[in-house]
Each structure stands twice: as structure tokens, then as C-alpha cells.
Amino acid sequence: MLEHVRLTDPHVSDIIRHELVRQQTVLEMIPSENIVSSAVLDAMGSVFTNKYSEGYPRKRYYGGNEYADQVEELAIARAKQLFGAEHVNVQSYSGSPANVAVYFGLLNFGDKVMGMALSEGGHLTHGHPVNFTGKAYHFVQYGVDPKTEMLDYDAIEKQVLQEKPKMIVCGATAYPRTIDFKRFAEMAEKVGAISFADIAHIAGLIVADAHPSPFPYFDVVTTTTHKTLRGPRSAIIMCKEKYASAIDKAVFPGLQGGPHDHTTAAKAVAFGEALKPEFKTYGQQIVKNAKALGEQLTAEGIRLVTGGTDNHLLLVDLRNQNVTGKQAETALDQAHITVNKNTIPYDPRKPFDPSGIRLGTPTLTSRGMKESEMKQVGQLMARAIKGWDKPAELAAVKSGVLDLCKQFPIYGDL
Ligand SMILES: *Cc1c(COP(=O)(O)O)cnc(C)c1O
């Protein structure tokens, strides 16, 4: 790795090497992160970064695109096969611009859209007031039930019938339970709204049959490619044929210039990996691991929002632990467990120091860990949370973490 950077720019190469060692020696438990294969890394670092290919395969504005066409068509064909989509655009730079392209392509500014509130598990691009989407469109937000902390489909349907939005967005960034896509699509149909599912977090689980799919019900589906799908940092947009031309025009020339062909090549590689039978086992293991981790944390007296998980993600409510989300994040960091502080539904505290932390199992599962390791991780984590202000406790947890990391190496031995 990195031989050329090391030769010509030792400063940058040192920084990258430190980041590699950091990744090798922490339990990375941020649920939106993952560890890509060396094949995906190679494709991302390939000569396709040199190419300009504005336009779409066989309809480009620049010459020399015979291989860029091939790699883009291959990524599209594999994505269609993975998800059963009618049309796929693989040019979006990342999840947020993919979502903006959907609104820009299918709505007029000011149109009414319903999306899940960020504070209850939705994403910034589902209409948060500080986000472009919240400023450009008239978003009405829905959330979770205060008692169950889960989506209440009857209540949302009532809101939909009352508001009659032009589009309904579903999908989440901090929701530990199954999303009933079929029900959302039925609500949208009742008011003639466009149905839009953002499966950024759970795409890999859907591919593995570990979460129900929004296909064939939904009009439009976006996903990042770097979360549970375990590909490069990017996104794709999938839609019914009747929206294909509007979506393609919104991406280019509506929002973007040249696509990142090196990332497209890496997406093709990642989709090839996800098409293999082993990926189904992988995706299902992510969920088994999350459940095992949740059971251990619960046994340690730590409360999970909604009481458990159906997917890759757990939201921990720290209110009974005498520690805030920010303090827990810092303590776990010292013990080499990486998580993020997160609001819990109806959080009495502020987003910068909320009452919860969010964790997930995709990265640990990519390292090969299974249920028995999750038990250990849960014990280590609980010890760090309870001993958050005791350096000796955090040091003991760190040594257990380093032990586990050594047993499950990534990108070569330590
Ligand atoms: C991560 C995420 C995104 C945004 O992806 P970026 O690549 O970070 O822009 C969009 N929607 C949801 C639900 C996400 O979880």
C-alpha cells in the first residue's frame, strides 16, 4: 500500500498510515461505516480518475470514453440485478446529492414533501430546516411514537391523508427497527404522492434478504454505496422507467458535471462482491451480531431505544447511566471503541451533548466477528460506559479491545 505516496510525499503518507493503524486498532462501531475490500480500494485508486465523461454511456460530451462506457454499463447492470430496479443512475457523488437530485428531478421548488424528522431518526436531506432540502421544499415532518419509539403507521397515514404531500420520503439514519416499505407505498398511492425510499443504511441488508425491500413498490429509491453495501463512498439512484429521464437529467446536467469514473469502477467491483452468495451470509450476520450485542448490553442494564434492534444499528439511551452522549463517546474513544453521540427520540438534552449514542455492527462483521465476540464487545462497552470517568477502567477496556482487534485483522497483520 502507498509505495508511491511514501516516496514522493512522506508527510501525507504518514497521515494515511496513521489512519490505517487507527482503523486496525479500534472497534469501529459507527453504523454508517464499513471496511471495503482491497479490490474496491484498488479500483478507486485507478487511472479512471483521469477521465472526463460528462453525459451517459454512448452519449458523451468528450471523446475516449469506450472504457468509461463499459464500466458504467457494468455497474448499472449489476445494480439492477442486485435490487431488481427498472432504471439505475450510478453517477451521484454521494447520498446527499443523490437525494437532492430526486427532489430536483421530480418536484418544483416549494412543493410539499413528507419526511422523517432528523431528531427522531431521519436524515438531514429529509427536510431539516438548515439543509437545502428544508429550504427549497415545503417539508412536513413525521416521527416516532413517544411510547414505543417506533414508527406508528396509522398515525403517519392520518398525517398523509391530511397533508396530501406531492412526495413521501422514508428511510432513516438512526432507526433500529424494520421499515414497512409496503405500507408507506400504499399511503403514497392513496394521495397520489411519489414514493421515495432512502435505503442508505440498510441496502446491504436488503441485498442479503435481512430486511424487506422497497422494490417493486417504490417509484424512486436512493442508496449510498459505502454503508452496509460495503462499496466506495458514493450513491446510486434507482427508479421506475417512467421517472428515468427526469432523474438522469437532474443528475447531469442538473446538478453535476463529470461523473467520478474511478468510483464507478469501484462500485462495479463492490456490486460484483454483493452479488456473491457469501454476501447474503455477511448481511444476515450483521443483524445477528446487532441482536447479540443488544442482548448483552441489556443484560448489563443498559437501555436500548425501542428495547432492541431488527437491523444493524442500536440506539442506546444513557439517561439511567449517569453519563451524557458526549461523555460516553469520549470515554469509549479512549478505550478504542468508536461510536457517535446521538439524540434519542424526544431527547431532553441538546444535539451537541445528547442523551444517547448510536452504534452498529457492519464493520465488526466485516472483520469476521460473530455472536460470541459481540458478547465480549457488549461487556467491554458496558464497562467503559459505567467507568467513563475512571482512567484505569478505560485502560483495561482498551487492552481487551486491542486483543480482539489482533484476532480479527484488517488490511494485513498488525
Ligand atoms: C448517510 C445517509 C445519507 C447521506 O449520505 P452521504 O453520502 O453522507 O451524503 C442520506 N440518507 C440517509 C438515510 C443516510 O443514512
Side-chain angles (χ1 to χ4, degrees), residues 28-34 36 40 44 83 89-104 113-128 130-134 136-137 139 141-144 151 167-179 181 184 195-207 211 213-214 218 220-239 247 250-251 255-256 259-260 263-264 266-267 270 286 290 309-315 339-340 342-343 351 358-363:
E28 189 69 67
M29 299 192 68
I30 292 172
S32 46
E33 294 186 10
N34 212 329
V36 299
V40 168
M44 251 189 295
F83 292 98
N89 183 305
V90 296
Q91 293 195 3
S92 260
Y93 297 144
S94 211
S96 302
N99 289 352
V100 170
V102 171
Y103 304 131
F104 188 48
V113 189
M114 272 181 65
M116 190 169 179
L118 177 80
S119 54
E120 297 184 30
H123 190 258
L124 272 173
T125 56
H126 298 182
H128 192 280
V130 303
N131 190 260
F132 170 82
T133 56
Y137 303 95
F139 265 89
Q141 308 253 265
Y142 59 85
V144 295
L151 292 166
M167 177 185 276
I168 300 172
V169 195
C170 66
T173 192
Y175 186 65
R177 294 296 181 175
T178 301
I179 293 174
F181 288 121
F184 266 113
S195 54
F196 168 21
D198 175 355
I199 58 170
H201 262 261
I202 54 173
L205 307 185
I206 290 170
V207 165
H211 187 290
S213 171
F218 269 68
V220 197
V221 178
T222 60
T223 182
T224 55
T225 49
H226 50 275
K227 298 183 184 174
T228 51
L229 204 48
R230 213 166 64 187
R233 192 156 217 98
S234 193
I236 59 175
I237 306 174
M238 302 175 270
C239 64
I247 291 291
V251 174
L255 286 172
Q256 301 185 174
H260 294 179
T263 311
T264 306
K267 280 188 255 194
I286 292 177
T309 179
D310 300 325
N311 57 25
H312 63 301
L313 175 153
L314 304 111
L315 204 51
V339 306
N340 69 275
N342 214 93
T343 55
R358 187 183 70 146
L359 14 140
T361 53
T363 298

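Counting starts at 1 for both ligands and their atoms, following the listed order.
From the protein, the heavy atom lying nearest to atom 7 (O) of ligand 1 is S94 OG, 2.4 Å. Taking atom 3 (C) of ligand 1 as the reference point, the nearest protein heavy-atom neighbour is H123 NE2, 3.3 Å. Among all non-hydrogen protein atoms, the one lying nearest atom 11 (N) of ligand 1 is D198 OD2, 2.5 Å.
Of all heavy-atom pairs between T228 and L205, the closest is OG1-N, 3.9 Å.
Side-chain polar atoms of S234 and K267 form a donor-acceptor pair below 3.5 angstrom.
Residue F218 forms a ring-ring contact (aromatic ring centres under 6.0 Å, His included) with just one option from F83, F184, F181, and that option is F181.
Counting heavy atoms from C-beta on, the side chains of K227 and P362 never come closer than 4.5 Å.
For N99, every heavy-atom contact with ligand 1 shorter than 4.0 Å involves the side chain, none the backbone. Counting heavy atoms under 4.0 Å from ligand 1, residue A200 touches it through the side chain alone.
Each of the following atoms of ligand 1 lies closer than 4.0 Å to a heavy atom of H226: 7 (O). Listed by atom number, the atoms of ligand 1 under 4.0 Å from T224 heavy atoms are 5 (O), 7 (O). For ligand 1 and K227, the ligand atoms under 4.0 Å from any heavy atom of the residue are 1 (C), 2 (C), 3 (C), 14 (C), 15 (O). Per-residue contacts place H201 under 4.0 angstrom from the following atoms of ligand 1 (heavy atoms of the residue considered): 15 (O). Set against the non-hydrogen atoms of S96, the atoms of ligand 1 under 4.0 Å away are 4 (C), 5 (O), 6 (P), 9 (O). Residue G95 approaches ligand 1 through these ligand atoms, each under 4.0 Å from one of its heavy atoms: 4 (C), 5 (O), 6 (P), 7 (O), 9 (O).
Between the OH atom in Y175 and the CG atom in N311 there is a gap of 9.5 Å [rounded to 0.5 Å].
The backbone N or O of H126 sits less than 3.5 Å from a side-chain atom of Q141, completing a donor-acceptor pair. In terms of modelled atom types and a separation under 3.5 Å, the side chain of Q256 and the main chain of Q91 share a donor-acceptor contact. Judged purely by atom type and a 3.5 angstrom limit, S213 has no side-chain atom pairing as donor or acceptor with the backbone of I206.
In this structure, A172 is part of the shell of residues with a heavy atom less than 4.0 angstrom from ligand 1.
Relative orientation of the H312 and H201 rings is tilted, given thresholds of 30° and 60° on the angle between their planes.
Residue H126 has no N or O atom closer than 3.5 Å to an N or O atom of ligand 1.
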